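Inspection log for the structure reproduced underneath, given as structure tokens.
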Amino acid sequence: MTENINNNTEKKRILSGIQPSGALTLGNYVGALRNFVELQEEGLYESFYMIADLHSITVRQEPKNLRKNTMDLLALFIACGLDPKKDPIFFQSHIPAHLQLSWVLTCNTYMGELSRMTQFKDKSRKHENNINAGLFTYPSLMAADILLYQADLVPVGEDQRQHLELTRDLANRFNNLYSETFKIPEAYTPKVGARIMSLQDPTQKMSKSDPNENSYILLLDPIDKAVKKIKRAVTDSEACVKRGEGKDGVMNLMSIYSAATNKSFDEIELEFEGKGYGDFKAAVAEAVAYTLKPIQERYNDLMKNKDYLEEVYKESAARASYVANKTLSKVYRKVGFVQP
Ligand code: TRP
């Protein structure tokens with residue numbers, strides 16, 4: 001009755017998508033990339049890492065920046081410890097199946113559903129002069145990204161939950177209309193997901209789109225610059241390294257220190273008992289430098305080896321397309337397209 005829509009390995013599948021819309025921050029590393037590496041080392045899942053360049057052009061991009069950001073992201077994934085031999089890391093635009101499935105899904109997505117997407121409303125407000133149709137149909141493309149790989153799990157932040165919910169609705173709708181075709185994906189919430197906040201306003205998430213440069217640390221920030229940003233981070237007047245009301249700034253630095261050293265908050269409080277913020281910030285800065293340095297070294301080596309990067313994205317695209325095309329041809333057959 002139900003067709004086999006499982007992959008042939010027993011492992012559950014994860015599809016991760018990340019847009020190449022700028023440099024990665026320490027927050028991206030701690031909140032996402034580091035978890036990807038840990039997941040890969042555990043080896044319990046089969047993962048697909050997609051760099052979502054098609055999504056990026058829903059807002060205006062400078063072509064040479066887009067190209068650089070896309071390659072940078074690939075190099076950074078590897079520099080942070082992902083092994084492309086284990087799981088493919090590919091560019092979305094290299095696999096036409098994403099767009100092909102996205103069209104079929106778009107024809108099964110209601111205007112009303114897309115109009116309710118809060119990200120569409122936010123982005124329309126931010127890009128008043130470029131409210132394009134792609135920005136509107138973006139969630140159908142994202143659904144295609146996920147459903148093509150029959151993903152069981154999708155790591156998504158709060159801002160993408162609504163899109164994942166729509167993906168599930170579209171998958172169910174298609175399965176009900178045309179028979180069982182897609183796996184219904186679920187959100188994946190990593191065990192350790194420290195959220196790193198802005199260094200200047202610790203009630204806001206650390207973000208590269210913040211106009212204040214001092215609020216975020218980029219993975220590729222020169223070390224001395226990163227150190228300065230830590231030293232300038234906002235704290236409070238209590239001069240005491242511990243958790244507490246009104247101590248968001250200090251707690252954020254504690255999260256960063258904890259992420260970099262694996263020390264618990266209790267251990268950190270003990271370590272800095274009786275010490276001031278000067279000592280604490282110096283230690284955080286050193287720990288951050290220690291984290292960034294090997295990543296930057298590997299990144300620099302990779303950027304000198306374009307042939308290797310090209311080999312990675314080509315091989316990855318080949319592996320990913322194989323899976324994607326299998327799903328796509330089923331879909332094409334089920335909707336009634338004549339086999340080519
Ligand atoms: N829309 C996601 C973002 O902006 C990126 C993305 C595209 C994605 N396709 C995806 C994330 C598929 C998860 C799964 O962050």
Side-chain angles (χ1 to χ4, degrees), residues 12-25 27-29 31-33 35-36 39 45-61 66 69-70 73-74 76-77 87-103 105-106 109 113-114 117-124 126-127 132 134-171 182-190 193 195 205-209 316-317 320 323-324 327:
K12 286 201 168 179
R13 271 202 192 142
I14 299 191
L15 182 283
S16 299
I18 185 159
Q19 284 200 47
S21 40
L24 290 179
T25 66
N28 297 129
Y29 177 67
L33 271 167
N35 294 313
F36 293 168
L39 271 177
Y45 300 99
E46 183 187 11
S47 294
F48 291 82
Y49 295 101
M50 180 193 70
I51 297 176
D53 51 0
L54 295 173
H55 277 89
S56 289
I57 63 161
T58 54
V59 301
R60 204 70 77 205
Q61 301 285 336
L66 178 59
N69 289 335
T70 305
L73 205 50
L74 172 66
L76 276 172
F77 271 33
D87 298 305
I89 310 172
F90 61 94
F91 302 142
Q92 186 185 24
S93 64
H94 288 188
I95 305 189
H98 288 255
L99 292 165
Q100 294 167 306
L101 180 60
S102 130
W103 173 249
L105 295 176
T106 300
T109 312
E113 286 174 314
L114 294 173
M117 295 292 127
T118 56
Q119 191 174 67
F120 171 69
K121 294 189 228 171
D122 287 350
K123 288 200 177 171
S124 308
K126 267 197 221 144
H127 304 276
N132 62 76
L135 194 61
F136 189 64
T137 58
Y138 165 127
S140 309
L141 176 59
M142 178 160 160
D145 301 335
I146 297 167
L147 300 179
L148 273 178
Y149 298 94
Q150 307 289 358
D152 299 274
L153 297 167
V154 186
V156 282
E158 238 1 273
D159 62 325
Q160 298 298 319
R161 283 205 174 247
Q162 201 185 19
H163 294 158
L164 183 62
E165 218 29 68
L166 178 69
T167 302
R168 292 163 55 84
D169 290 344
L170 295 178
F182 297 124
K183 227 338 144 37
I184 310 299
E186 275 170 45
Y188 174 78
T189 328
R195 230 159 84 97
K205 210 171 121 176
M206 179 180 283
S207 162
K208 66 205 159 202
S209 50
S316 294
V323 177
T327 303

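In what follows, every heavy atom counts, from backbone to side chain, and hydrogens, waters and symmetry copies are set aside. Read the numbers this way: they start at 1 and go in the same order the structure lists the ligands and their atoms. Since this is a predicted model, take the numbers as computed values, not measurements.
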Fill in the blank from the handout: The atoms of ligand 1 lying under 4.0 Å from a heavy atom of Val154, numbered in the order shown, are 13 (C), 14 (C)
Fill in the blank from the handout: Counting from 1 in the order shown, the ligand 1 atoms closer than 4.0 Å to a non-hydrogen atom of Ala52 are 7 (C)
Exercise for the section: Identify, by atom number and element, the atoms of ligand 1 in contact range of His55, meaning under 4.0 Å from any of its heavy atoms. Expected result: 7 (C), 9 (N)
Exercise for the section: Over 60° means perpendicular and under 30° means parallel, so classify the ring planes of Tyr149 and His98, tilted if in between. Expected result: tilted
Exercise for the section: Determine whether Asp145 and His55 make a side-chain contact, defined as any pair of heavy atoms from C-beta on separated by less than 4.5 Å. Expected result: yes
Fill in the blank from the handout: atom 1 (N) of ligand 1 has as its nearest protein heavy atom Tyr138 OH, 2.7 Å
Handout entry: Contact with ligand 1 for Gln119, non-hydrogen, under 4.0 angstrom
Key = no
Problem - Leu114 vs Pro139 side-chain heavy atoms within contact, under 4.5 Å - result: yes
Handout entry: Residue pair Ser140 / Thr109, side-chain donor-acceptor N/O under 3.5 Å
Key = yes
Problem - Qualifying residue for salt bridge (charged side-chain N to carboxylate O under 4.0 Å, His left out) with Asp152, from Arg13, Lys12, Lys183 - result: Lys183
Fill in the blank from the handout: the protein heavy atom lying closest to atom 9 (N) of ligand 1 turns out to be Asp145 OD2, 2.7 Å
Practice task
Around atom 11 (C) of ligand 1, find the nearest protein heavy atom and jot down its residue, atom name and distance.
Solution key: Gly17 O, 3.4 Å
Practice task
Answer yes if the side chains of Asp53 and Ser56 hold a donor-acceptor pair under 3.5 Å, and no otherwise.
Solution key: no
Practice task
Can you sort out which atoms of ligand 1 are near Met50, meaning under 4.0 Å from one of its heavy atoms?
Solution key: 7 (C), 9 (N), 10 (C)
Practice task
For atom 3 (C) of ligand 1, find the nearest protein heavy atom and state the residue, atom name and distance (0.1 Å precision).
Solution key: Gln160 NE2, 3.3 Å
Practice task
Please identify which atoms of ligand 1 are closer than 4.0 Å to at least one heavy atom of Gln19.
Solution key: 3 (C), 4 (O)
Handout entry: Heavy-atom side-chain contact between Ser316 and Tyr49 under 4.5 Å
Key = no
Exercise for the section: State, with a plain yes or no, whether a side-chain heavy atom of Ile14 is found less than 4.5 Å away from one of Asp87. Expected result: no
Completion exercise
Taking only non-hydrogen atoms of Ile146 and a 4.0 Å limit, the atoms of ligand 1 in range are 12 (C), 14 (C)
Exercise for the section: If you have a sec, work out which protein heavy atom is nearest atom 12 (C) of ligand 1 and how many Å separate them, to one decimal? Expected result: Leu15 CD1, 3.6 Å
